[in-house]
Amino acid sequence: MCNMGHFHTHGFGYLVDAPEIRALIEETERLRRTIPSDADRVDALRPAFAKLLAANGWLPDSCARPDEQSRMGGGIAQYALYRADDGSLCLFSLVVPAAAATPVHDHLAWGIVGIYRGRQNETIYERRDDGSDPTRADLEVTTQRTLGAGEFYTLLPPAEDIHYVQTVSEEPSISIHLLANDTACVWRHKFDPASGAVVPFRSGYSNAPCPPEARPQ
Ligand SMILES: [Fe+2]
């Protein structure tokens with residue numbers, strides 16, 4: 001489960017085994033077999049994802065609390081709920097304490113993200129450079145919006161893949177992420193829009209270890 005310091009035996013599969021989670025993962029796998037286009041597939045996933053967001057009782061309290069030890073800082077916790085053995089899919093909860101904000105980051109996979117509890121402001125950036133320098137990015141804000149419980153958005157990189165979120169509710173926000181990679185364990189990127197700096201970023205889960213992997217150069 002999600003208790004700090006007590007990693008699941010090997011950290012893959014259903015770390016939280018609830019029928020509501022199994023229903024979404026099984027539907028995702030079914031749509032993967034039947035819909036080749038990422039855009040069409042995430043669209044087809046909307047009803048199943050909305051159903052999970054609307055359901056109560058499936059997210060343990062231990063996966064819904066901040067983590068002061070997290071690598072993301074600010075008490076921001078990322079709890080794996082399901083991880084495919086081959087790293088091709090994951091479901092996780094992201095807990096962002098009141099007023100805390102994530103770094104500006106990317107995801108590098110298609111997926112769906114929705115708010116389960118609380119409210120978040122989301123700021124989305126677009127790259128204005130050609131991406132040829134891995135250490136620099138020229139970013140411009142394209143969208144700012146506020147999302148509340150039950151609202152969700154799709155991710156289809158590279159479009160709208162760089163963003164940060166900040167909790168604007170008095171209680172921590174909890175968002176649920178279904179993404180086609182092992183998001184917290186892959187090397188992604190953290191951006192500083194003011195200076196243009198890009199650094200490799202692996203957020204890590206609060207309740208599961210990442211496989212050892214060399215930091216990219
Ligand atoms: Fe994100």
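Values below: every heavy atom of this structure, side chains too, minus hydrogens, waters and symmetry copies. As the structure lists them, so they are numbered: ligands from 1, and atoms in each ligand from 1.
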For the Fe ion (ligand 1), angle spanned by His107 NE2 and His163 NE2 (nearest 10°) is 90°

Is there a path of hydrophobic side-chain contacts, each under 4.5 Å between heavy atoms, that joins Val198 and Leu108?
no

Residue His105 atom name (nearest to the Fe ion (ligand 1); N/O/S):
NE2

Do the ring centers of Tyr125 and Phe191 come within less than 6.0 Å of each other?
no

For atom CG of Asp61, is the number of surrounding heavy atoms from other residues, nucleotides or ligands below 6.0 Å larger than 12?
no

Spacing of Leu91 atom CG and Thr28 atom OG1 [to the nearest 0.5 Å]:
8.5 Å

May I ask you to check if any N/O/S atom from His177 comes under 2.8 Å of the Fe ion (ligand 1)?
no

